[in-house]
Amino acid sequence: MADKDLSDIAGLPSDLGIGEDLARAEQVLSVRVERRRYGKPMTIVEGFDEHAIDLDELASTLKRRLATGGTVDDGRIELQGDHSNRLPDVLRDEGFAVE
């Protein structure tokens, strides 16, 4: 028997993105702030399942919503500046659980 995804089991179209929503809900992310060169803050988001989430797409969304620059590096998202106050709410809006 071939592997079935959630859409096959539930009988819903795969383009609804139910599987990705479930993958997001099951991940618990951590947010921390590091000081980089010259004392500049960098907000780090870790704990992603890289096989279930498109990190580049999520990083673009976070950068746009927080009006900042950033990158994806070693399975984590790095955002320029200290966004520790707003970022957990933005991640929850995107369907993630945050420590």
Side-chain angles (χ1 to χ4, degrees):
M1 182 171 169
D3 289 331
K4 290 188 172 188
D5 66 6
L6 183 63
S7 296
D8 293 333
I9 295 168
L12 298 171
S14 61
D15 58 345
L16 289 178
I18 303 295
E20 186 171 326
D21 288 346
L22 249 173
R24 287 178 181 222
E26 292 174 350
Q27 296 180 49
V28 179
L29 305 179
S30 65
V31 176
R32 63 186 167 86
V33 178
E34 288 183 357
R35 295 283 170 190
R36 294 286 172 97
R37 181 179 285 173
Y38 307 113
K40 302 234 179 210
M42 178 74 73
T43 304
I44 312 293
V45 185
E46 299 175 306
F48 294 103
D49 176 5
E50 297 177 53
H51 303 291
I53 302 299
D54 183 352
L55 287 181
D56 291 322
E57 181 180 323
L58 179 61
S60 276
T61 300
L62 295 177
K63 291 187 298 184
R64 187 171 46 254
R65 290 195 57 190
L66 296 170
T68 190
T71 188
V72 174
D73 187 31
D74 292 331
R76 62 189 192 173
I77 297 176
E78 300 178 355
L79 300 170
Q80 296 172 355
D82 183 349
H83 301 283
S84 57
N85 293 334
R86 290 182 50 211
L87 187 56
D89 292 333
V90 172
L91 288 169
R92 285 185 194 102
D93 288 348
E94 293 294 319
F96 292 98
V98 181
E99 295 180 332

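Bear in mind that the values here come from a model prediction, so they are computed numbers and not experimental data.
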Distance-only donor-acceptor pairs under 3.5 Å for side chains of residues 68-75, two or more places apart:
| residue | atom | partner | partner atom | Å |
| --- | --- | --- | --- | --- |
| T68 | OG1 | Q80 | O | 2.7 |

Sort out for me which residue in L91, L62, V31 forms a side-chain contact (heavy atoms from CB on, under 4.5 Å) with I77.
L62

Nearest heavy atoms of L55 and E50, plus distance in Å:
CD1-CG, 3.9 Å

Quick check: do I44 and V33 have side-chain heavy atoms less than 4.5 Å from each other?
no

Do E94 and T61 have side chains that approach each other closer than 4.5 Å (heavy atoms only, starting at C-beta)?
yes

Got a second to check how far S30's OG is from E46's CD, nearest 0.5 Å?
5.0 Å

Residue list, side chain to side chain donor-acceptor pair (under 3.5 Å) with D82, at least two apart or on another chain
S84

Could you please spell out the steps behind the side-chain contact (heavy atoms from CB on, under 4.5 Å) verdict for R76 and V45?
CA-CA 6 Å; R76 62 189 192 173; V45 185; over 6 Å; no

Partner residues of R92 under the salt bridge (charged side-chain N to carboxylate O under 4.0 Å, His left out) criterion, sequence neighbours left out
D89

With a 4.5 Å cut-off on side-chain heavy atoms, are E99 and L29 touching?
no

Qualifying ring-ring contact (aromatic ring centres under 6.0 Å, His included) pairs, either residue in residues 51-83, two or more places apart
none

So how far is it from F48 CZ to L58 CG, rounded to the nearest 0.5 Å?
5.0 Å

Would a hydrophobic clustering, with Ile, Leu, Val, Met, Phe, Trp and Tyr connected at side-chain separations under 4.5 Å, put M42 with V90?
no

Report yes if some heavy atom in the side chain of I53 is under 4.5 Å from a heavy atom in the side chain of F96; otherwise report no.
yes

Going by the rule salt bridge (charged side-chain N to carboxylate O under 4.0 Å, His left out), which residues pair with E34 if we only count those two or more places apart in sequence or in a different chain?
R32, R36

Just to verify, what does D93 make a salt bridge (charged side-chain N to carboxylate O under 4.0 Å, His left out) with, not counting sequence neighbours?
R65

